[in-house]
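Presented below is the structure to which this report refers.
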Number of protein chains: 2
Amino acid sequence: MTEPRWLDEPEQRAWRSLMTMQDGLSEFLDRQLRTRCGLSDADYQVLAHLSEAPEGRLRPFELGGLLRWEKSRLSQHLGRMENRDLVTRERCLTDQRGAVVVIAPRGRDLIEVAAPQHVADVRSALIDHLTPAELRTLTTIGDKVRKRLAELEREQLDREQ
Amino acid sequence: MTEPRWLDEPEQRAWRSLMTMQDGLSEFLDRQLRTRCGLSDADYQVLAHLSEAPEGRLRPFELGGLLRWEKSRLSQHLGRMENRDLVTRERCLTDQRGAVVVIAPRGRDLIEVAAPQHVADVRSALIDHLTPAELRTLTTIGDKVRKRLAELEREQLDREQ
DNA sequence: TACATCTGGTTGACGTGTGAACCAATCCGC
DNA sequence: GCGGATTGGTTCACACGTCAACCAGATGTA
């Protein structure tokens, strides 16, 4: 605590580089989706998961698990998507308190137009400019960080008890 | 356009890995700052830039340039930060329409507490787990993407004319 | 069966980001 | 100098995310 251990030059550069890339990439992809298909990144992810699910239907809690979204966020977002005819909500037959989200025809159409364009954007902004080695390193780093964050989260939970 | 060129296995994994890391990292860092210092990531960045500026003062448009924020966002956020005594706003003497943002004592105190903790978090979640080679690769990738995004933005602007 | 607890989901209040409209001061070409 | 374009900034309306409170149906345990 008394010695902060600031980032040195290469560390600083890597960190800033990552942050800038992060902001730039999300901003770019979100804007492309939005201007070309009228979908936000959030809409896209919801529709992507639904379109891959059997019959295009999922329980909200399953969808929330896949997206790692808070349940209130999901509920609010589904409400807005329902108003725009992207999805519909039905009552669940086997669990009386639950619901089922179903992708609507308009949602299906939009995601089928959006998906190839989105992949093309991801390629054009990132993937196509990476060597196989860079691709591997990126995967490695991502996996390491994911594991580490899970660890930190567990520690946090332990401390709370 | 007729052939979408989907991502292959390693590409897919790298992309998802990056996205997950991105979400997880921002979420973690933001939560740490928020619970320990009552600062959002946005607050932190504003205060960080201000505290490094001469006399802790910057014109909003300079700050906006550094943060790459829309001016309306910056204006709104500064308003809220002013209400919380983190910054103050003064009229600019040399440009009658402009303002100057100054870091307030409370803002200075908070950033000085938050900064070392924030760096420690960045280390503990990311930097300390990377080899020098990974650090270099990350920097390289970030730089490539930044250049590429700038290129795409220029093309976009050209198309609009 | 009865009561406590847990789970799936919605709602409301609030903080935050975006785009467009707007105002005033400044700049620039004549 | 004058009039139009540009720049610095704020404001409004709206979309979005988070948290806490809440409700109803399910589950577990005596």
Between [atom2] of [N] and [atom1] of [X], the distance in whole Å:
{"X": "A/L74", "N": "D/dC19", "atom1": "CG", "atom2": "P", "value": "15 Å"}
{"X": "B/Q96", "N": "C/dT26", "atom1": "CD", "atom2": "P", "value": "6 Å"}
{"X": "B/F61", "N": "C/dC27", "atom1": "CZ", "atom2": "P", "value": "11 Å"}
{"X": "A/R34", "N": "C/dG17", "atom1": "CZ", "atom2": "C1'", "value": "10 Å"}
{"X": "B/Q76", "N": "D/dT10", "atom1": "CD", "atom2": "P", "value": "10 Å"}
{"X": "B/E27", "N": "C/dT16", "atom1": "CD", "atom2": "C1'", "value": "16 Å"}
{"X": "B/L78", "N": "D/dT10", "atom1": "CG", "atom2": "C1'", "value": "11 Å"}
{"X": "B/H77", "N": "C/dC14", "atom1": "NE2", "atom2": "C1'", "value": "15 Å"}

Upstream residue (5' side of DNA chain C) when A/P60 and B/G98 are each assigned their closest nucleotide: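 Looking at DNA chain C, the more 5' nearest nucleotide goes with A/P60.
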Going by an N to O cut-off under 4.0 Å, is there a salt bridge joining [X] and [Y]?
{"X": "A/R123", "Y": "A/D128", "value": "yes"}
{"X": "B/R31", "Y": "B/E27", "value": "yes"}
{"X": "B/E62", "Y": "B/R59", "value": "no"}
{"X": "B/D143", "Y": "B/R146", "value": "yes"}
{"X": "B/R13", "Y": "B/D8", "value": "no"}

First of A/R91 and A/E70 reached from the 5' end of DNA chain D, by closest nucleotide: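 Upstream on the strand: A/E70.
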Pair of N/O donor and acceptor under 3.5 Å linking C/dG19 base with B/S72 side chain: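 Indeed there is one.
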Donor-acceptor pair under 3.5 Å, B/R80 side chain vs C/dT16 base: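 No, the side chain and the base share no sub-3.5 Å donor-acceptor pair.
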Out of [options], which nucleotide sits closest to the side chain of [X]?
{"X": "A/D95", "options": "D/dA26, D/dG8, D/dT11", "value": "D/dA26"}
{"X": "B/A42", "options": "D/dG9, D/dG17, C/dG17", "value": "C/dG17"}
{"X": "A/R97", "options": "D/dT11, C/dG9, C/dT7", "value": "C/dT7"}

Short side-chain N/O contact to D/dT10 OP1/OP2 from B/R89, under 4.0 Å: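 Checking B/R89 against D/dT10: at least one side-chain N or O falls below 4.0 Å of OP1 or OP2.
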Sugar-phosphate only, base, or nothing, as touched by A/R84 at under 4.0 Å among non-hydrogen atoms: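 Here A/R84 touches no strand at all.
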